[in-house]
Amino acid sequence: MTSADWPDDFEKAVRQHLPLLADGTALTSEASLLALGLDSLATVGLLVEVEETFAVQFPDEDLRAETFATPATLWAVVVRLRDGAAT
Amino acid sequence: MTGDHTPSPLTFGQLSVWRVMETYPLERWSETYLRDCIPVPADTTTDQVIQAIGTLSRRHESLRTLFDDSQSGPRQHVRPAQEAVAVEVVEHDDATAVATRLAEERMVRESEFGRRFAVVTREGAPHHVAVVVDHIVSDGFGLIRLVSELSTLMGADSPAGERWLAETPPAPRDLAVEQRSEAHHSRRTTVVRHWQHLLRTLPDKHFPVPRSAGDIPGRIEAVLYSAGARVALELLSARTDASPQTLLLSLSAVACATVTGAEQPVLTLQSGNRFDPRWKSIVSSMNQYAPIPVDLGPPQAPYGDYLSRLSTSSLTAYRRGSYDYDAITDLVRRERKVELGFDNFFNFMPTDIVARPAGQLDGYPPPRVVQSRPNRQIGPRFDIKIRPGAEMPVVIRADPRLLPAPRLQALAGWFHEQLYRLADGTDTTVRQVADRCALALEV
């Protein structure tokens with residue numbers, strides 16, 4: 001998966017919760033969000049923003065550290081929930 | 001924005017404050033008030049300071065809201081903005097002493113706005129504004145906004161204040177309407193299901209945590225200051241892929257299990273509930289208590305497994321941390337025949353502690369543990385708060401019947417030692433950490 005696979009809204013939401021990701025630096029799909037400064041509270045902020053932006057609701061089963069490990073893991077859950085909601 | 005002046009329901013955060021404080025004796029309420037002292041820029045006159053306070057009060061509904069109870073529950077009454085605001089002017093060298101005096105008497109919510117201001121002067125010239133607010137008016141974040149805006153209004157250089165003054169502040173009444181709207185039905189249902197799951201899966205003796213009886217003989221406090229522990233935490237975070245918050249929560253949960261004897265303790269997080277950008281900077285009380293069940297797991301299991309479970313529980317607790325306190329109270333009464341209660345608090349406040357793989361564990365001043373008697377002598381019996389700063393103060397407040405002073409001091413020191421032992425790889429299992437905590441408390 002590459003950043004081309006997710007929309008700009010997703011990239012924008014993720015980037016603004018990563019204080020250690022410099023402007024102009026690419027957000028790669030396998031980047032560690034924790035290493036880029038995504039702390040516990042920022043994780044919830046990101047979660048809320050993604051839920052609002054993509055009109056999905058994360059069930060408790062998806063509220064795991066693994067979901068927020070990288071942009072790719074998070075986007076995969078969003079896609080699953082969004083597609084599930086559409087059916 | 002809400003435009004009429006009819007009574008409105010409370011936001012979930014306001015309702016939580018109302019219900020929690022109902023459990024405290026009236027004469028102890030003032031211990032919970034937030035207070036601050038704001039420097040007045042040179043050459044600012046007392047009249048200018050009073051005008052600035054008036055502008056602040058016109059901007060924020062919370063500063064001109066009365067509260068009362070009714071058959072349908074507590075309500076808020078927002079009063080029209082007044083041109084002039086009554087402000088006390090006090091000649092005194094020490095603004096902190098003035099703030100302490102302002103906080104002595106309980107604010108009667110039905111007839112008094114939940115804030116008090118005093119302009120503190122020296123030889124007639126203002127040098128500070130002392131401010132005290134009822135927790136139903138604002139939490140700590142809201143107070144930061146108030147202080148920043150007031151500083152800017154008095155002429156100080158405050159970028160945050162300037163930014164906030166350029167915005168129309170969000171109104172608690174609007175938030176209350178949204179939280180109770182049909183559009184939020186699904187969220188409310190999800191939160192109730194979360195609580196039903198907690199009630200179904202946690203034993204009666206651990207959840208809800210029984211309320212404190214009497215709050216006598218008060219609270220004692222010990223604070224660990226350790227620059228080395230902070231570096232160890234950052235190093236450990238990089239090595240484990242667990243956030244600094246989760247790591248200190250993990251130690252706090254082990255400490256709680258050791259102190260209380262609970263094998264699977266339930267801690268309480270304070271969810272700031274400022275995750276939605278529209279309400280992020282509201283001046284109100286948004287904090288709500290969020291229970292987090294802790295599964296320590298098999299004693300010999302790797303510490304990393306425990307961290308992973310805890311991270312999940314923490315995320316869930318924060319996400320489900322905005323709830324209708326009365327609806328959850330009703331649920332708990334139905335299911336358990338007891339009142340909703342919370343204890344074993346954990347609050348991680350720093351935002352500047354991050355994973356750093358290159359930290360060095362030596363070369364720091366020795367850790368210090370300072371004991372004190374906190375202003376607030378009421379509230380949780382076991383309460384751990386991590387404050388920001390180079391020495392990362394770990395503040396442990398306890399009921400001395402649960403944790404006498406010598407053991408409290410030993411526990412504070414254990415946090416330093418344990419962070420080092422996890423960071424350098426000496427300890428790797430839950431059993432090792434729990435045993436070391438128990439050993440530290442054998443004083």
What part of B/Thr316 gets within 4.5 angstrom of chain A, counting heavy atoms only: side chain, backbone, both, or neither? both
When the 4.5 angstrom heavy-atom criterion is applied to A/Pro19 and chain B, the contacting part is neither
Partner set under salt bridge (Lys or Arg N to Asp or Glu O under 4.0 Å) for B/Arg187, not counting sequence neighbours: A/Glu52
Relative to chain A, which segment of B/Ser313 carries a heavy atom at a distance below 4.5 Å: side chain, backbone, both, or neither? neither
dist A/Asp39:CG -> B/Thr351:OG1 (nearest 0.5 Å) comes out at 7.5 Å
Does the side chain of B/Phe348 come within less than 4.5 Å of A/Leu41's, by heavy atoms? no
For the atom pair OH (B/Tyr318) and CG (A/Leu63), what is the distance rounded to the nearest 0.5 Å? 14.0 Å
Taking atom CZ of A/Arg64 and atom OG of B/Ser308, what is their separation to the nearest 0.5 Å? 8.5 Å
Distance, nearest 0.5 Å, that separates OG of B/Ser243 from CZ of A/Phe68: 12.5 Å
Between A/Leu34, A/Leu46, A/Thr67, A/Thr43, who has the most heavy-atom pairs with chain B when the cutoff is under 4.5 Å? A/Leu34
Let's go through B/Arg319 and A/Val48 carefully: what are the C-alpha distance in whole Å and the side-chain angles of both, what is the deciding distance for side chain to side chain contact (heavy atoms under 4.5 Å, CB included) to 0.1 Å, and is it a yes or a no? CA-CA 8 Å; B/Arg319 183 64 186 110; A/Val48 170; 3.6 Å; yes
Partner chain A: residue of B/Ala242, B/Gly321, B/Pro357, B/Ser271 with the largest heavy-atom pair count (under 4.5 Å): B/Ala242
What part of A/Phe58 gets within 4.5 angstrom of chain B, counting heavy atoms only: side chain, backbone, both, or neither? backbone
d(A/His17 NE2, B/Phe275 CZ) to nearest 0.5 Å is 9.5 Å
Of B/Arg193, B/His197, B/Arg320, which meets side chain to side chain donor-acceptor pair (under 3.5 Å) against A/Asp60? B/Arg320
If I measure from the heavy atoms of chain A, does B/Ala238 come under 4.5 Å with its side chain, its backbone, both, or neither? neither
Using only non-hydrogen atoms and a strict under-4.5 angstrom cutoff, which residues of residues 244-253 of chain B touch chain A? B/Gln245, B/Thr246
